[in-house]
Each structure stands twice: as structure tokens, then as C-alpha cells.
Amino acid sequence: MSRHPVLHRHADLADASQALADWVATHLRSALERQERATVALPGGSTPGQFLAALAKQDLPWKRITLLPTDERFVPADHPRSNERMMRAALEPALRAGAEWLSFASIEPGLSPEAFAKQLADRVARLLPLDVVVCGMGEDGHIASLFPGEPQARLDPNAPCIVPAFPMGLEPRISLSAMALREAGEAALLFSGKAKRTVFAQALRLGDKPVTLLLTKRRRLHAFISESS
Ligand code: 6PG
């Protein structure tokens, strides 16, 4: 099987978001033909709002599905910078229909990112391998909270499935590990804009960005790309 991604190019983010929501729903349905429950990890940030809302409207047996973020900023769930706050709002129809939400937001005051990541890893480990992961991508080629040059972006089979990250100039992060993302049954990306298209093409050529962690011979990475900026 090729390590080259399948490129789904769309005129704008709305079209790419709907196509990705349909793609995720298809893979969740096929997972549920094989097993009782299915898991999908979903991105935060500013791009995926339309995708998450389109996914939440899909006709799926939500009571048999667990939703979790690919990563979270280490802030309270109601903080303006929280991914959970944005994601739960967009996913509300699915949550109302019974989907389980596995929170990455630490509620224990005074708990360090490292200690919280250890606690969370025990819960997430029981769900692995994830059936589907969807990542956004930064203009530096990062996915989840795995940033270029950071130790968390290295493939380490011994690393826990949840890692703390401390990106320069940003709040601490809690992230699925490189292995947890890579080993998912199906993997997709969603991004828009020329800068990200350029960095993605460069990463495919040079293999030097965390996004290339999602390329494996076992399955194809599907990239849903909005051609508009
Ligand atoms: C986050 C995300 C992160 C995001 C990329 C792209 O916590 O910000 O999980 O990995 O997907 O940074 O973010 P934008 O969609 O805002 O460009």
C-alpha cells in the first residue's frame, strides 16, 4: 500500500468539511459492523467548526460512539482557549443523541500537565487503537500538539498514549501521542489556505514535519483540502 495520501481537493472549507463528515461517518459505520463501539478523535483549533457540526448531523448510532479531542490546551473546559468548549458546542446534536465525550480538560485544581496526562493515558489506553482520527494542521506542519523538533513528535512505541507538551509561547497542551494517532484504523486531515497547502507538499517531499507521522503503509492518509484561503 502506498504511503502517499489521498487528496480530496474542494473549492472551499464548507465543501471540504461536509465531504470529511461523510467520510468519517462511513468509517464509523463500518467499524460498528465489526464491533460494539467505535471511537473517533477530532481536532480543535479554528478550522474544524463546520466539519464538527456536519459530523454531528450524521445519522449514526451515537450511543455506540466515543468522541475525543486529538489534543487540548491545558485550560479549564469553559476557558475561551479551550478546544472542548468549541467542540462540544459544534457536536451538540451528537452528544444529545448519546455520544460519549472523553474530556481532555483537567478538572482537578493544582494538577500538573504531566500528572494529568498520566491519569488520562490510563483511560485512553483502553480505547486503542482508535478507529478514526481527524487532525488539523498548523502552518509549521504540526498535528494535534505534536510540534516540529519537540520530543513528543518522535515515534516512540514506549511513550504513553497521552503526552503533555509545552510549545513555546503557548499554554501547556495535553495530546494524543504520535503512536496513538499513527496507529488509528483510519486517518484524515483537514486544512485550508495556501500556506498550509505549501507546507503539506513540502512535508510530503521531505518527510520532516509531524504531519508525516500519519503516513503509513498499512492505510492511506486522506487529506481534505480547501483550495480557498
Ligand atoms: C489546537 C489543535 C491544533 C490545530 C492546528 C491547526 O489545539 O489548536 O488541535 O493541532 O489543529 O493548530 O489550527 P487551526 O485550525 O486553528 O489553523
Side-chain angles (χ1 to χ4, degrees), residues 5 8 10 12-17 20-21 24 40-55 67-91 101-106 113 116-117 120 124 130 132-150 152-153 161-182 184 187-200 202-203 209-214 221-229:
H8 304 255
H10 293 274
D12 56 33
L13 186 57
D15 287 355
S17 300
L20 175 56
V24 169
V40 54
L42 299 165
S46 62
T47 301
Q50 296 178 76
F51 153 62
L52 297 173
L55 176 63
L67 309 172
L68 60 154
T70 56
D71 63 319
E72 182 56 279
R73 295 82 182 268
F74 195 64
V75 294
D78 58 356
H79 189 283
R81 287 278 298 159
S82 159
N83 280 330
E84 174 158 331
R85 184 169 174 265
M86 175 276 292
M87 295 173 81
R88 288 186 65 107
L91 292 165
W101 172 260
L102 200 163
S103 176
F104 279 24
S106 165
F116 177 64
L120 189 58
V124 174
L130 300 171
V132 182
V133 297
V134 178
C135 287
M137 186 187 68
E139 291 186 7
D140 59 358
H142 83 258
I143 54 171
S145 290
L146 309 180
F147 291 85
E150 295 297 318
Q152 296 86 352
C161 59
I162 296 290
V163 290
F166 305 90
M168 191 75 72
L170 294 169
E171 59 279 289
R173 300 288 185 95
I174 300 293
S175 180
L176 284 169
S177 69
M179 287 301 282
L181 291 166
R182 181 183 175 84
L189 280 177
L190 174 68
F191 60 84
S192 66
K194 187 165 175 17
K196 291 186 182 182
R197 292 197 300 273
T198 303
V199 81
F200 186 58
Q202 193 185 49
K209 304 274 190 253
V211 65
T212 53
L213 292 167
L214 296 176
L221 168 63
H222 289 253
F224 289 78
I225 304 166
S226 160
E227 296 293 347
S228 71
S229 58

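Read the numbers this way: they start at 1 and go in the same order the structure lists the ligands and their atoms. Note that these values count all heavy atoms, side chains included, but never hydrogens, waters or copies made by symmetry. The structure presented is a predicted model; accordingly, all values stated were derived computationally and were not measured.
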Can you pull out the closest protein heavy atom to atom 6 (C) of ligand 1? Residue, atom name and distance to 0.1 Å, please.
-> Met137 O, 3.5 Å
Over 60° means perpendicular and under 30° means parallel, so classify the ring planes of Phe74 and Phe116, tilted if in between.
-> tilted
Protein heavy atom at shortest distance from atom 8 (O) of ligand 1 = Arg73 NH2, 2.8 Å
Provide the number and element of each atom of ligand 1 under 4.0 Å from a heavy atom of Lys196.
-> 6 (C), 14 (P), 15 (O), 17 (O)
How does Arg173 reach ligand 1, if at all, at less than 4.0 Å between non-hydrogen atoms: by side chain, backbone, both, or neither?
-> side chain
Taking NZ, NE, NH1 and NH2 as the nitrogens, is one of them in Lys194 or Glu227 under 4.0 Å from a carboxylate oxygen of the other?
-> no
Check each atom of ligand 1 against the heavy atoms of Thr47 and keep those under 4.0 Å away; list them by number with element.
-> 14 (P), 15 (O), 17 (O)
Contact (N/O only, under 3.5 Å) between Asn83 and ligand 1 = yes
Residue and atom name of the nearest protein heavy atom (relative to atom 11 (O) of ligand 1), distance in Å to one decimal | Gly136 CA, 3.4 Å
Could you tell me if any non-hydrogen atom of His142 lies under 4.0 Å from any atom of ligand 1?
-> yes
Go through the structure and list residues passing salt bridge (Lys or Arg N to Asp or Glu O under 4.0 Å) with Glu171, not counting sequence neighbours.
-> Arg81, Arg173
Heavy atom under 4.0 Å from ligand 1: found in Glu72's side chain, backbone, both, or neither?
-> neither
Ranked by distance from atom 9 (O) of ligand 1, the top protein heavy atom is Asp71 OD1, 2.5 Å
Flag, side chain of Ser228 to backbone of Asp12, donor-acceptor distance under 3.5 Å | no
N/O donor-acceptor pair under 3.5 Å between Lys209 side chain and Asp140 backbone = no
Would you kindly specify which portion of Ala144 sits under 4.0 Å from ligand 1, judged on non-hydrogen atoms: side chain, backbone, both or neither?
-> backbone
Residue pair Ser145 / Asp71, side-chain donor-acceptor N/O under 3.5 Å = yes
Kindly give the heavy-atom pair with the smallest separation between Met86 and Gly45, and that separation in Å.
-> CE-O, 3.4 Å
Give a yes or no on whether the backbone of Leu13 and the side-chain of Ser17 come within a donor-acceptor separation of less than 3.5 Å.
-> yes
